[in-house]
There are 2 protein chains.
Amino acid sequence: MVAGPLPAPSGPGKDRLRLWIRLLRASRTIEAELRERLRQEFNTTLPRFDVMAALYRAPEGMLMSDLSRFLLVSNGNVTGIIDRLVSEGLVMRARRNGDRRTSMVRLTEEGSKTFAVIAAAHEKWVGELLGNVSEDEARRLTGMLTSFRSNWEGRE
Amino acid sequence: MVAGPLPAPSGPGKDRLRLWIRLLRASRTIEAELRERLRQEFNTTLPRFDVMAALYRAPEGMLMSDLSRFLLVSNGNVTGIIDRLVSEGLVMRARRNGDRRTSMVRLTEEGSKTFAVIAAAHEKWVGELLGNVSEDEARRLTGMLTSFRSNWEGRE
DNA sequence: TCCTGAAACTTCAAGCTTGAATTAATCTGC
DNA sequence: GCAGATTAATTCAAGCTTGAAGTTTCAGGA
């Protein structure tokens, strides 16, 4: 998916293909950089960060299935990541409400403090990495991405 | 990294953060859809497709390290994917040139035929998935992505 | 020649990811 | 109330991914 057009493909539909390739390369490049920094600076991983970010915004907790839907990853995937976060003392499972199938997951006190620190660094990094996109351009790009994304969100 | 702004973050630098989140969500959504279709229709995976796409453009073959650099993945990763492609008869390793550390990797005849079919479907899918981005908008977006990506390519 | 360092790959452990199968709890229609 | 379907979560095998360590080969200098 990352293949670039060396013999410069042309023809109908090629512009969208090229856009997709650029999009993918851009996000992979940034993702790799962020992953590396998270590992070096905070000894953590992107998936853990993603989960903690989601939970940070939901102090009352989230269901596993909500997490999975929100993060666009499979159910079983979330289970494993939460397992690790729990064993690190950053997240807790609570089986509080009536439905005993579900488990409400949320950050521990420590998890919340830890995340706040990491998130600040993360935001700074993203600012650097996208440094040569002006704030204005960022807004325009965001708008375009939103419009074409919404076509596909929650479709199946 | 996929966390969306529910309490709508604002302040300096937030626009770039939001852009990054949108970018990531967009590429994950499209990637998931393409992976699903590759699996259903052709019983293959995205990483295999990526590798074959790179090799398709290089009939004379590529070094493992070239593949790794081009695809933005680690060296050891490529070894595993190539192993599987070789065992499927789609790719061959040749130790032809003087340097016996290197192995030139390329598509087999069958691999080349197989890829051509998959690639046609893939391009059609991308056209559909990005259907509500006009060709013109696609070109503009591509331009923006190129400019900010180039800042980071091959930097370390 | 031989040594040292670098380069190209491979191997490996740990973690991420998926999709399918399983378990447990809840809901629905009768 | 209860059988059957649905939903929430876990488990599992297979594959992907990384970063680190190890192997083989090459290149250059004493």
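All heavy atoms count here, side chains included; hydrogens, waters and symmetry mates do not. Remember, predicted model here, so these are calculated numbers, not experimental data. Each chain gets a letter, A, B and so on, in the order the sequences are listed, and its residues count up from 1.
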Nearest-Å distance, CZ (A:F49) to C1' (C:dG15)?
-> 18 Å
Just call it for A:Q40: base, sugar-phosphate, or nothing, with non-hydrogen atoms closer than 4.0 Å on any strand.
-> nothing
More 5' along DNA chain D: A:A32 or B:T45, using each one's nearest nucleotide?
-> B:T45
Within this structure, what is the CZ-to-P distance between A:R48 and C:dT17, rounded to whole angstrom?
-> 11 Å
Spacing of B:D99 atom CG relative to D:dT23 atom P, expressed in whole Å | 19 Å
Give the rounded distance in Å between these two atoms: CG of B:N43 and C1' of D:dG15.
-> 13 Å
In whole Å, what is the span from the CZ atom of B:R69 to the P atom of C:dA7?
-> 11 Å
Share the residues that join B:M104 in a hydrophobic cluster, the rule being Ile, Leu, Val, Met, Phe, Trp or Tyr side chains under 4.5 Å apart at the heavy-atom level.
-> B:L63
Under 3.5 Å donor-acceptor, A:S27 side chain and B:S27 backbone | no
Nearest-angstrom distance from the residue atom CZ of B:R37 to P of C:dG19 = 14 Å
Would you mind reading off the distance between B:L46 atom CG and C:dT17 atom C1', rounded to a whole angstrom?
-> 12 Å
Between A:G98 and A:S74, whichever has its closest DNA chain C nucleotide further toward 5' is A:S74
Residues 61-74 of chain A vs salt bridge (charged side-chain N to carboxylate O under 4.0 Å, His left out), sequence neighbours excluded, gives A:D66-A:R69
Determine which pairs satisfy salt bridge (charged side-chain N to carboxylate O under 4.0 Å, His left out) with at least one residue from residues 103-112 of chain A, sequence neighbours left out, and list them in order.
-> none
Rounded distance in Å - CD1 (A:I81) to P (D:dT10) | 12 Å
Pair A:F49 + A:F115: ring centers closer than 6.0 Å = yes
Atom pairs, N/O to N/O, protein against nucleotides 9-12 of chain C, distance under 3.5 Å?
from   : atom 1 : to     : atom 2 : distance (Å)
C:dC9  : OP1    : B:S103 : N      : 3.0
C:dC9  : OP2    : B:M64  : N      : 3.4
C:dC9  : OP2    : B:S65  : N      : 2.8
C:dC9  : OP2    : B:S65  : OG     : 2.7
C:dT10 : OP1    : B:R93  : NE     : 3.4
C:dT10 : OP2    : B:T79  : OG1    : 2.9

Side chain to side chain donor-acceptor pair (under 3.5 Å) partners for A:E36, two or more places apart | A:R39, A:Q40
OP1 or OP2 of C:dT26 less than 4.0 angstrom from a side-chain nitrogen or oxygen of A:R100, does that happen here?
-> yes
Those residues that, when tested against B:R140, pass salt bridge (charged side-chain N to carboxylate O under 4.0 Å, His left out) (two or more places apart) | none
